[in-house]
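Labels below follow one simple rule: chain letters A, B, ... track the order of the sequence lines, proteins then strands, and each chain is numbered from 1. Values in this document were obtained by computation on a predicted structure and should not be read as measured data.
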There are 2 protein chains.
Amino acid sequence: MYTKAENNQISVNSLIHDHKKCVTEALSIAERLCSLRGVQLTTIRYQVLELIWSSHKAVKAYELLDLIKPLQNAAKPPTIYRALDFLLEQGLIHRIESLNAFIGCNCSGHQHELLLLICKQCYEVEERPALKVMSALTEEFSDANFVTHSQAIEAHGLCAKCNELKS
Amino acid sequence: MYTKAENNQISVNSLIHDHKKCVTEALSIAERLCSLRGVQLTTIRYQVLELIWSSHKAVKAYELLDLIKPLQNAAKPPTIYRALDFLLEQGLIHRIESLNAFIGCNCSGHQHELLLLICKQCYEVEERPALKVMSALTEEFSDANFVTHSQAIEAHGLCAKCNELKS
DNA sequence: ATGTAAATGTTATATTATAACATTGCAAAC
DNA sequence: GTTTGCAATGTTATAATATAACATTTACAT
Ligand SMILES: [Zn+2]
Ligand SMILES: [Zn+2]
Ligand SMILES: [Zn+2]
Ligand SMILES: [Zn+2]
C-alpha cells in the first residue's frame, strides 16, 4: 500500500497475527476518540497514524517523512513533527525515547502506565500493562517522595521470536 | 573551579549534602576500577567524568564540550562522545535516554539494575536500586518470553524538594 | 629503538528537532 | 453572504545531537 522502508530486520509478529485488524481497530478508535474529544484527526494526522501502524516496529520521524511524501508532496519535517505531537497528546502513539522513534498505542484512551518491551533486533515493541511492576514503582516513588504520573517504562532486549531464531 | 553552565533551575540536593565527597569518591572509585580492569582513565576521560560529577543534574554532551574547552583547546564533538562512550562502557556514568544527557553512576562496578528518578524541574537524577520493581520486571520479562539484562529504568516527575517548594 | 594498538586530532556530514513567519481553509458571529 | 478569528498547514531556515572517516600522536610491550 505504502512504500515501505527497506530493512533487514526479521519481523515475526507480523506473520502470526491478523495485523489488518490491528490497523483498522486502531484507526477507528482514533477517529471515535478524536470526535468525542472535539479535536480534528485531519488527513495528514490520519495518514501518519496509519503509517505508524503499518507494523509493530518503532518508526522514526524522517522515515515517516519519506513515507508520507508520495501522499503529501509538501511534507517537510514540521509536517511530521506536528502530526506526531498531536498523536502523542491524544495518546494515540508512544514515543520510544531510547530510539527516537514512535509506535502506535494499542490501549488509546485509557489512562495507562505501561511497560514497553523493545526488541533490539527487530525493533518490534510490545506494550504490556505490567501491573505488578507499576504498583512496585508507585511504592518506590512514594518511598522516595517523588511525584509523578502515568509512566511509560522502556526495556530493551530480545523478543520471544528473535530469541528463538537465534538458538 | 570550572565554568559552570548558567541555568535557572533550583538545585537543592547540592545544598543538603557534602557533594565534594560524592565527587572525590566517584573519581577515586573510577581510578581504582580502571586500573583493576587494565583500561586507561586518561586525562580527557577523567576531566569529563569530573565535569559530569560537578552536580547531580543530567548534563548534555555539548554542555560538556563547552565546559571542557578551557581545559582542552582541541576539544570537538568526538572528543566528548568518545569519552562518554568509554565512561558508559565502564559503567561509570548513565545515559538518560529521555533527555539525551548523562549523569555519574554512584554504584560503579556493581552489576546493577536500577531506577532513575529524573526531576523534570531541576534535572537532578536520583539512582535507586528499587529491588521490588526490578524483581517484578524480571517476572514480567519471563512472562513475555523477553530476554534482557541490566535495565536502567527512567521515571520522570518532581523530586521531593521541587515538590515541596511548589506547595 | 621499534612495532603495534589505543587514543586523540581534524574535517566533514548525518540525524533529529524546532523557530519563526506566511498562507490557507473553515466555521461562528454578524 | 461577508467578516473575523483560529486552527492547520506551508515554507524557510537553523538548532541540537551524533557519527564517519581518516590523519596523527601516544603509550607501552617486545
Ligand atoms: Zn498487529
Ligand atoms: Zn525481535
Ligand atoms: Zn553529591
Ligand atoms: Zn527537582
Find the distance B:Leu99:CG to C:dA17:P and express it as a whole number of Å. 13 Å

Would you compute the distance between atom CG of A:Leu71 and atom CG of A:Asn73 and round it to the nearest 0.5 angstrom? 9.0 Å

Any side-chain donor-acceptor pair under 3.5 Å between B:His156 and B:Ser98? yes

Check the phosphate of D:dT17 against A:Asn100, side-chain N and O only, distance under 4.0 Å to OP1 or OP2. Yes or no? no

Between B:Phe141 and B:Phe146, how do the two ring planes meet: parallel, tilted or perpendicular, split at 30° and 60°? tilted

Nearest whole Å is fine: how far is C:dT8 P from B:Leu71 CG? 14 Å

Between D:dA16 and B:Lys60, is there an OP1 or OP2 to side-chain N/O distance shorter than 4.0 Å? no

Please check: side-chain N/O of A:Lys69 versus main-chain N/O of A:Ala74, any donor-acceptor pairing under 3.5 Å? no

Is the phosphate of C:dT16, meaning OP1 or OP2, less than 4.0 Å from a side-chain N or O of A:Arg95? no

Let me know the distance between CG of B:Leu88 and C1' of D:dT17, rounded to the nearest Å. 15 Å

When the distance from CZ of B:Arg37 to P of C:dA6 is rounded to whole Å, what number comes out? 18 Å

In whole angstrom, what separates B:Ile68's CD1 from C:dA7's C1'? 14 Å

Flag side-chain contact, heavy atom, 4.5 Å: B:Ile118 against B:Cys159: no

Could you pull out every donor-acceptor pair under 3.5 Å between side chains of residues 128-136 of chain A and any protein atom, sequence neighbours left out?
unit_1   : atom_1 : unit_2   : atom_2 : d
A:Arg128 : NE     : B:Glu140 : OE2    : 2.6
A:Arg128 : NH1    : A:Glu126 : OE2    : 3.0
A:Arg128 : NH2    : B:Glu140 : OE2    : 3.3
A:Lys132 : NZ     : B:Glu139 : OE2    : 2.9
A:Ser135 : OG     : A:Lys132 : O      : 3.3

Pairs: protein N or O with nucleotides 8-15 of chain D N or O, under 3.5 Å:
unit_1 : atom_1 : unit_2  : atom_2 : d
D:dA8  : OP1    : A:Arg45 : NH1    : 3.2
D:dT9  : OP1    : A:Thr42 : OG1    : 2.7
D:dG10 : N7     : A:Arg82 : NH1    : 2.8
D:dG10 : O6     : A:Arg82 : NH2    : 2.4

What is the distance, rounded to the nearest whole Å, between atom CD of A:Glu97 and atom P of C:dT16? 14 Å

Results of side chain to side chain contact (heavy atoms under 4.5 Å, CB included) for A:Tyr81 - residues two or more places apart only: A:Ala61, A:Tyr62, A:Pro77, A:Leu84

Distance, rounded to the nearest Å, where A:Asp85 contributes CG and C:dT16 contributes P: 16 Å

In this structure, how many angstroms lie between the P atom of C:dT16 and the OH atom of A:Tyr81, rounded? 7 Å

